[in-house]
Amino acid sequence: MRGVFLTSTWLLCSILLLPYLANGEGFMEEPDLEYPLFDYGNIRLPTPSRGLLYPRESATREVRSLDGMWRLVRSEASDPFQGIREKWYENSLRKTGRNVLAMPVPASYNDITTDDLRDHVGTVWYERTFFVPRLWKGTQRTWLRFGSVHYSALVWINGRNATHHSIGHLPFEADISSLLNFGGENRITVMCDNRLGNRTIPQGSVNNVKTDNGSVPIQSYTFDFFNYAGIHRSVHLYTTPIVYISDLQVSSQLTSEGLGRIDYRIWIDGIQESHMGVNLSHIHVQLRDREDQVAAQQINKGIYHGTLLVPDPHPWWPYLMHPDPGYLYDLQFELFVETNEGEAKVMQDSYRLPVGIRNLKWNNESLLLNGVPLYLRGFGRHEDADIRGKGLDNALLARDFNLIKWIGANAYRTSHYPYSEESMQFADEHGIMIIDECPGVNIDIFEPQLLENHMSSLEQLIHRDRNHPSVIAWSVANEPRSYKPGALKYFKSLVNYTRGIAHGRPLTAAINANPSTCHLTQFLDIVGFNRYNSWYQNTGRTDMIVNLLTDEAQKWRKTYGKPVIQFEYGGDTMEGMHSLPAFVWSEEYQVELFSRHFIAFDKLRAEKWFIGEFVWNFADFRTAQTITRVGGNKKGVFTRNRQPKEVAFLLRRRYFALAQELHQCQLPEDLTVYISKKVIRHQEL
């Protein structure tokens, strides 16, 4: 058995690292840009995801966090297979003879130390120990769940392989009951690989370069944010009964009769594995409102789907569109069993899921929520902060949502990857709408295995987020090279697949091609484009924004006849840099650039089909080292430590003015300051 295990471990590792391999050293060669036009007819579609419910405690489930200080060892950059070959998973990492670092989880490892770990290319190994109670043995399942690891991950428990995953930003889990030492100490070992290749999502390349210290691998990529790596989100140990609720799918709508309707589907697993001598009795489904009152309920016998009708429903509304935004019900599922001897029915498992009741529809003119046309105002964002990189930080998350609400935004795009599940829950609770984007940033060099991985990233994203009322659209890519000949068949296949699993949301993408050359937009429901007038083009000329922007938006509309959103605009601004008259990189220039865009947006809003304006970016963020970036990308309305630049106050007045105009929301008292008794408060609005 030992030999079989070692062989399977090597095979598994080879499969995970295959996208990176092009020569015997385990590093990619220079990509060949002359790819043929592939036939995508025989693409292997992703295996549908199962499970992955967010860990929640209940009467039948216990959740424990494995967050905290782990140990980390890096492999030699020239030898990413080193730990596999030397079997580091069999014993404590302290026995490797290498330098062992204390490493917080969750966090990116890059900015924690003071050495060159920041730019390490290849694999690192994490480890920690934990105890499992004796009482858990045999009576239930024990699961290990990762919120995300960047990018490829191999996981061992007590030296035995437990699970693997190959796309960052997304959760994965495994039932580890058979691998545990119940009542004693256990060791978890994780190998994390940050390398990107032509076929990974996102893409990149690794090349060996000569330095003063010899040849070293260098990771290159075209996306404009730092390639942080590590265990980025929480690690949980949780239990379920042997027979348990493994998955849930929920959709909702408001009926023409004034009722709320919730359709649900339940997956039950473990029946054949149970040795308890039990039979399924029924499933009790109960919907409770904020006051914990039962709004609707149902008992299912022998079927795993149903519909709840809710009288006098409280709809889920976005922020500033209703006095009570983000209304969530508590949908409770209780699984009951009965023994073969016909004894009393016993609750076997229970799980609670927050749900919102709302309608989402779209046509060639607009996107409507609860019958009201939406005008989206918000940001592109990044999960990025000082020291922790892309690691989950609840304090930072709370600060960000407070700033989003302070500024009057009602939406953001998860540029350019899925954000944490905790951030999705925040959005549900606060009524912030989300354009949910997969990690397909700057897609290029189109070929079948890349398409398979791209499809898989979308399938996993949609499976994870399909039950969130805040999600109003799926974004299939950001700034793909959609003008290239190979893009047509690639994106036709990708969008056709995604449309079949879209769960009642429209499809969009953030495009930087031209309307006449893009091969992707024709397949989408909403046109989204990125354009940096007076920054990357016509730098310094804010008198060249209004006409260029309105003309381009109208071309997108005329070409495709669909609703249009500008997903990105802006300019880099150094906090505290001032210039009169305005000059690029100054705070005054950012204000002037935004103001000119507002003129164009208002002209376009009159056309009705223009449905949103998104600033790039919410806050400054780290990028790779380059002479065009001073400590990172400075296009943020807020600094990296979440303090406002001058433009934040202008944008706040803009967003609240739109909310008052469109939805008659009450304006904050501190929106403007007192000037004189002859100036009426809020007059400029």
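Here, residue 1 is the first one in the sequence, and each next residue gets the next number. Heavy atoms only: backbone and side chains are in, while hydrogens, waters and symmetry mates are out.
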S.K.: Decide yes or no on side chain to side chain contact (heavy atoms under 4.5 Å, CB included) for Gln660 and Leu667, but give the supporting numbers first.
M.R.: CA-CA 7 Å; Gln660 185 184 51; Leu667 299 176; 3.4 Å; yes
S.K.: Indicate yes or no: at least one non-hydrogen side-chain atom of Asp330 is less than 4.5 angstrom from one of Leu353.
M.R.: no
S.K.: Are Leu451 and Phe446 close enough, and set up right, to give a side chain to side chain contact (heavy atoms under 4.5 Å, CB included), and what steps lead you there?
M.R.: CA-CA 7 Å; Leu451 177 59; Phe446 309 101; over 6 Å; no
S.K.: Which heavy-atom pair separates Ala385 from Leu396 by the least distance, and what is that distance?
M.R.: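 It is CB-CD2, 3.3 Å.
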S.K.: Between the side chains of Glu459 and Arg464, is the shortest nitrogen-to-carboxylate-oxygen separation below 4.0 Å, so that they form an ion pair?
M.R.: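 Here Arg464 does not pair with Glu459 in a salt bridge, since their nearest N and O are not under 4.0 Å apart.
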S.K.: Establish, from distance only, whether the side-chain atoms of Asn633 and Asp224 form a donor-acceptor pair under 3.5 Å.
M.R.: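 A donor-acceptor contact under 3.5 Å links the two side chains.
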S.K.: Once ring pair (Phe, Tyr, Trp, His ring centres under 6.0 Å) is applied, what residue pairs with a partner in residues 495-521 remain, sequence neighbours excluded?
M.R.: none
S.K.: Determine whether the side chains of Asp620 and Thr639 contain a donor N or O and an acceptor N or O closer than 3.5 Å.
M.R.: no
S.K.: Would Arg622 and Phe226 count as a cation-pi pair here, with the cationic atom under 6.0 angstrom from the ring centre and within 45° of the axis?
M.R.: no
S.K.: Give me the ring orientation class for Trp317 and His322: parallel if the planes are under 30° apart, tilted from 30 to 60°, perpendicular past 60°.
M.R.: parallel
S.K.: Going by distance alone, is a donor N or O of one side chain under 3.5 Å from an acceptor N or O of the other, for Gln203 and Asn442?
M.R.: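 Note: Gln203 and Asn442 side chains miss the donor-acceptor criterion.
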S.K.: Taking Leu368 as the fixed residue, which of Leu360, Leu374, Asn363, Ile611 is the one that meets the side-chain contact (heavy atoms from CB on, under 4.5 Å) rule?
M.R.: Asn363
S.K.: Could you check whether Lys405 makes a cation-pi contact with Tyr319, meaning its NZ or CZ is under 6.0 Å from the centre of the six-membered ring and within 45° of the ring axis?
M.R.: yes
S.K.: Tell me, please, which residues at least two apart from Gln537 pass side-chain hydrogen bond (donor to acceptor under 3.5 Å, both in side chains).
M.R.: Asn533
S.K.: Could you tell me whether Glu365 and Arg557 make a salt bridge, using a distance below 4.0 angstrom between a side-chain N and a carboxylate O?
M.R.: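 Between Arg557 and Glu365 there is a salt bridge, with a charged N closer than 4.0 Å to a carboxylate O.
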S.K.: If every non-hydrogen atom of Pro480 is compared with every non-hydrogen atom of Asn512, which pair is closest and at what distance?
M.R.: O-OD1, 4.0 Å
S.K.: Quick one: salt bridge (Lys or Arg N to Asp or Glu O under 4.0 Å) pairs with a partner in residues 568-589, sequence neighbours left out?
M.R.: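 Residue pairs with at least one partner in residues 568-589: Arg413-Glu568, Asp572-Arg629, Asp572-Lys635.
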S.K.: Does atom CG of Asp551 have more than 12 heavy-atom neighbours from other groups under 6.0 Å away?
M.R.: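 Yes - once you tally the heavy atoms of other residues, nucleotides and ligands closer than 6.0 Å, there are more than 12.
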S.K.: For a quick test of reading the model, state the closest non-hydrogen atom pair linking Trp406 to Phe656 and the distance between them.
M.R.: O-CE1, 3.2 Å
S.K.: What heavy-atom pair brings Leu254 and Gly260 nearest, and what distance separates the two atoms?
M.R.: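 Smallest interatomic distance, heavy atoms only, reads CD2-CA, 4.3 Å.
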S.K.: Which residues pass the side-chain hydrogen bond (donor to acceptor under 3.5 Å, both in side chains) test with Tyr228, sequence neighbours left out?
M.R.: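 side-chain hydrogen bond (donor to acceptor under 3.5 Å, both in side chains) list for Tyr228, sorted by chain: Asp111, Arg640.
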S.K.: Could I get the full list of side-chain hydrogen bond (donor to acceptor under 3.5 Å, both in side chains) partners for Arg399, not counting sequence neighbours?
M.R.: none
S.K.: Do you know which two heavy atoms are closest between Leu593 and Ser534, and how far apart they sit?
M.R.: CD1-O, 4.0 Å
S.K.: Salt bridge check, Lys562 against Asp525: does any charged N sit closer than 4.0 Å to a carboxylate O?
M.R.: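 No, Asp525 and Lys562 are not salt-bridged.
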S.K.: What residues, two or more places apart in sequence or in another chain, satisfy ring pair (Phe, Tyr, Trp, His ring centres under 6.0 Å) together with Phe401?
M.R.: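 With sequence neighbours excluded, Phe401 shows a ring pair (Phe, Tyr, Trp, His ring centres under 6.0 Å) to Phe426, His430, given in chain and number order.
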S.K.: Hey, what's the ring geometry for Tyr419 with Tyr412, parallel, tilted or perpendicular (30° and 60° as the breaks)?
M.R.: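 Geometry flag for Tyr412 against Tyr419: parallel rings.
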S.K.: Carefully, step by step, assess Tyr375 and Glu613 under the rule side chain to side chain donor-acceptor pair (under 3.5 Å).
M.R.: CA-CA 8 Å; Tyr375 187 75; Glu613 54 188 76; 2.5 Å; yes
S.K.: Go through the side-chain N and O atoms of Tyr417 and His382 and say whether any donor and acceptor fall under 3.5 Å apart.
M.R.: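 The answer is yes; a qualifying pair exists.
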S.K.: Measure across Tyr329 and Ala295 and return the closest heavy-atom pair with its distance rounded to 0.1 Å.
M.R.: CE2-CB, 4.0 Å
S.K.: Using a distance-only test with no angle check, is there a side-chain donor-acceptor pair under 3.5 angstrom linking Ser456 and Gln460?
M.R.: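 A pair is found: one side chain offers a donor N or O, the other an acceptor, under 3.5 Å apart.
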S.K.: Could you tell me how the ring of Phe598 sits relative to the ring of Phe594: parallel (under 30°), tilted (30 to 60°) or perpendicular (over 60°)?
M.R.: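 The arrangement is perpendicular - the two ring planes meet at more than 60°.
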S.K.: May I ask you to decide whether Arg466 forms a salt bridge with Asp436, counting only side-chain N to carboxylate O separations under 4.0 Å?
M.R.: no
S.K.: Angle class for the Phe225/His416 ring planes (parallel below 30°, perpendicular above 60°, tilted otherwise)?
M.R.: tilted
